[in-house]
Peer 1: 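Take a look at this one; I'll ask things after.
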There are 2 protein chains.
Amino acid sequence: MTRNPRSSRPAVTTNVVVFTLRDDKLKLLLVRRRSDPYKGMWALPGGYVEADEDLDDSAMRALEDSTGVAGVYLEQLYTFGAPDRDPRGRSISVAYYALVPSEKLQLRTASDSEAIGWFALDELEPLAFDHNEMVHVAHQRLAAKLAYSTIALQFMPQKFTLSELQKVYERILNEKLDKRNFRKRVLALDQIDQTQEVRRNGSHRPARLYSVRNPGEVQIIR
Amino acid sequence: MTRNPRSSRPAVTTNVVVFTLRDDKLKLLLVRRRSDPYKGMWALPGGYVEADEDLDDSAMRALEDSTGVAGVYLEQLYTFGAPDRDPRGRSISVAYYALVPSEKLQLRTASDSEAIGWFALDELEPLAFDHNEMVHVAHQRLAAKLAYSTIALQFMPQKFTLSELQKVYERILNEKLDKRNFRKRVLALDQIDQTQEVRRNGSHRPARLYSVRNPGEVQIIR
DNA sequence: TGAAATAGTGTACGTTCGACACTATCCTTC
DNA sequence: GAAGGATAGTGTCGAACGTACACTATTTCA
C-alpha cells in the first residue's frame, strides 16, 4: 500500500437520497442541475467532500444546505464508483439516505436560486449521473429495514396517529397492511407512547395521538 | 455540483476483509506492511483504485493478489473516510468483505516477498489504520446475514458435512447451536443436496456429504 | 337524525421456533 | 471379538408468533 503513481485521484462526492412522506406519497428531494453535465436535469443533492471533512459531515452538509433541517436520520448507503459515472472524469460518490419527518419540511428553495423540490418515488423521471440507481438501492434498503428495525419512526413528527404510521409502512412497502395486525405489531415494539390528545381531522371519529419514546434512536428488533 | 477548488482529491483505496474457517476457527487474511506508515504491522489486503478500474474490480484484484483465488463471494461493506485515517494525507477506503471456502486456500505467500497469513478473529492484535474497525463492521454484517440469507454456504467446499456447516454458523455467531434444530433449518432452506457419499473421519460413524445446489448464489430468505 | 368517514378493538387457527435424549456406526484397544 | 469412545443422525411437544378476518365507536355534515 505504497503511493502508486498509476493510481488515480478521483473526485470524491457525497449524495443523499432524502425521503419524506408528503401528500400521501413517498417522495424524495431533488435539485435541478444548473450546469453541465446533465444541465437542467434533476439530481440528488450532494457535493464534493471538503479537504478536512468527514464523509458523514459532507452528507449532512448537503442535506442541510438543501432542506434546512438538521438532526435527521442519516445513514451511509453504498459507494458508487464506476469509472464512467461522471463524464468529466473519475469520480466516486458515497451515497447516503436520510429520513425527514413531514413536519420539518422547510425547503431552502430559491434562497440560492436553485430549483429544488419533492418528487414522488413512483413517478421519477431519469435523473443525472447514476442517481436513479442510488434511489433504487436506497428504497430497497429502507424497505428491508422496516422489517427488523424501528426506522419508520424517523418519519414521524412529534405527535402522530397510528393510521399515519401505517401509511408510512404501506407507502414504503407498496402494499396494504391489516389495521389490527399492524397496531398489534407496532405497539408491541414498545417504542411509542399514547398521549392524552386526539386529532380531529374530518367528519369522523378523532384519532388518538402517539409520540416516539426515543426519538433519534433506531432500534434493531427481533 | 460544479468542480469546487476547495475540495480535496483524496487517495481512494479498497480494502478487503477476507474470512475463512480454518483450524476450527473463524480467521481472516492479513498482510504485513513493508513500509511506513504502520511499517511492520498487520493490515487488511488492499490497494489503490486504478485510474480506469471499477471499485469491485479493485477489491477483487486485491483479493486475488493476496489469495490467488478468484470467483469467491465479495460484497461492498462500508466506506471509511475520516480525515485523519491515513497519516500521509486524505484517503478514502471502500471496504469489502469476502468469504473463502477453506479448500480454495492457496496463499501466494512470499511470491511477492510479502508476509501474509491467517489470523483468528478473536485473537486479533491492533492493525494498521482503521482496519480493526473494518473487521468489526464486517463481522457484524456477516453475523447479521446468517439470519436472513444463505451466505454461510459460501464458506463450504464442494462436498461438506452438516456438522461442518454447523460449525461455520457457531464460529460466526459465537454460540453453540442445537444439532437437530440446525439440521431442520438448513435442510428447509432447500439449498443443499444430499450426495451418495460419506466421509470417514476418525473412529466414529461416517458423516453424509452434502453439496450446495446453487454455488455462487446467495439467496435472501424469509 | 341518518349517512359518511375514519378510529378502534379480539379471536382463532396455522406455522414456526426452541427445548430436549436416545440410537447408529465406525474405530481402537484390550 | 467385545467394550468403550467418538461423532452422526433422528422426532415430539409446547410456546410464541403471524395472519386472516368484521364489527362497533365517534365525529361531522347535510
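Chain identifiers are assigned alphabetically (A, B, ...) following the order of the sequence lines, protein sequences preceding nucleic acid strands; residue numbering begins at 1 within each chain.
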Peer 1: Could you measure the distance from the CG atom of B/Asp130 to the OG atom of B/Ser91? Nearest 0.5 Å is fine.
Peer 2: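 It comes to 8.0 Å.
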Peer 1: According to the salt bridge (Lys or Arg N to Asp or Glu O under 4.0 Å) rule, which pairs have a member within residues 117-126 of chain B, sequence neighbours left out?
Peer 2: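 Counting only pairs at least two positions apart or across chains, the salt bridge (Lys or Arg N to Asp or Glu O under 4.0 Å) contacts touching residues 117-126 of chain B are B/Lys25-B/Glu123.
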Peer 1: Side chains of residues 199-207 of chain B: which donor-acceptor partners sit under 3.5 Å, not counting sequence neighbours?
Peer 2:
| from | atom 1 | to | atom 2 | distance (Å) |
| --- | --- | --- | --- | --- |
| B/Arg199 | NH1 | B/Glu164 | OE1 | 3.3 |
| B/Arg199 | NH1 | B/Glu164 | OE2 | 2.4 |
| B/His204 | NE2 | B/Asn201 | O | 2.6 |

Peer 1: Run the salt-bridge test on A/Glu197 and A/Arg208 with the 4.0 Å N-O cut-off and return the result as yes or no.
Peer 2: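 So A/Glu197 does not pair with A/Arg208 through a salt bridge.
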Peer 1: Return all side-chain donor-acceptor pairs below 3.5 angstrom for residues 149-158 of chain B, not counting sequence neighbours, or 'none' if the list is empty.
Peer 2:
| from | atom 1 | to | atom 2 | distance (Å) |
| --- | --- | --- | --- | --- |
| B/Ser149 | OG | B/Lys145 | O | 2.8 |
| B/Ser149 | OG | B/Ile151 | N | 3.2 |
| B/Thr150 | OG1 | B/Gln219 | N | 2.9 |
| B/Gln154 | NE2 | B/Glu217 | O | 3.4 |

Peer 1: Does any pair with a residue in residues 147-156 of chain B pass salt bridge (Lys or Arg N to Asp or Glu O under 4.0 Å), and if so which ones, sequence neighbours excluded?
Peer 2: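 Residue pairs with at least one partner in residues 147-156 of chain B: there are none.
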Peer 1: Could I get a table of every N or O pair under 3.5 Å where one atom is in the protein and the other is in nucleotides 28-30 of chain D?
Peer 2:
none

Peer 1: Listed in order of residue number, which residues of residues 154-169 of chain B have a non-hydrogen atom at under 4.0 Å from DNA chain D?
Peer 2: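 Result for residues 154-169 of chain B: B/Ser163, sorted by number.
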Peer 1: Could you tell me the separation between the CZ atom of B/Arg199 and the C1' atom of D/dA6, rounded to a whole number of Å?
Peer 2: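 Nearest whole value for this atom pair: 17 Å.
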Peer 1: What is the first contacted nucleotide of DNA chain C and what is the last, in 5' to 3' order, if contact means an atom lying under 4.0 angstrom from a heavy atom of chain A?
Peer 2: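 Here the contact window of chain A covers C/dA4 to C/dT11.
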Peer 1: Considering heavy-atom distances to DNA chain C, does A/Val198 or B/Pro206 have its closest nucleotide positioned more toward the 5' end?
Peer 2: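 Nearer the 5' end of the strand: A/Val198.
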Peer 1: State which residues pass ring pair (Phe, Tyr, Trp, His ring centres under 6.0 Å) with B/Phe80; sequence neighbours excluded, sorted by chain then number.
Peer 2: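 Here the qualifying residues are B/Tyr78.
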Peer 1: Could you give me the CA-CA distance, side-chain angles and deciding distance for B/Arg32 and B/Met41, then say whether side chain to side chain contact (heavy atoms under 4.5 Å, CB included) is met?
Peer 2: CA-CA 6 Å; B/Arg32 192 189 286 277; B/Met41 287 185 81; over 6 Å; no
Peer 1: Just jot down the salt bridge (charged side-chain N to carboxylate O under 4.0 Å, His left out) partners of A/Arg183, sequence neighbours excluded, or say none.
Peer 2: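 Salt bridge (charged side-chain N to carboxylate O under 4.0 Å, His left out) list for A/Arg183, sorted by chain: empty.
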Peer 1: Side chains of B/Ser211 and B/Ile192: does their closest heavy-atom pair fall under 4.5 Å?
Peer 2: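 A side-chain contact under 4.5 Å is absent here.
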Peer 1: Taking all non-hydrogen atoms of both residues, which atom of A/Tyr169 and which atom of A/Leu146 are closest, and how far apart?
Peer 2: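 Minimum heavy-atom separation between A/Tyr169 and A/Leu146: CD2-CD1, 3.7 Å.
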Peer 1: Please identify each residue that fulfils side-chain contact (heavy atoms from CB on, under 4.5 Å) with A/Asp178, with sequence neighbours left out.
Peer 2: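 Testing A/Asp178 for side-chain contact (heavy atoms from CB on, under 4.5 Å), a comparison that skips the adjacent residues, returns A/Arg180, A/Asn181.
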Peer 1: For A/Asp23, give me all partners under side-chain contact (heavy atoms from CB on, under 4.5 Å), at least two apart in sequence or on another chain.
Peer 2: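 Result, side-chain contact (heavy atoms from CB on, under 4.5 Å) vs A/Asp23: A/Lys27.
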Peer 1: Report all interatomic pairs (protein N or O, nucleotide N or O of nucleotides 10-16 of chain D) with separations under 3.5 Å.
Peer 2:
| from | atom 1 | to | atom 2 | distance (Å) |
| --- | --- | --- | --- | --- |
| D/dT12 | O4 | B/Lys184 | NZ | 3.0 |

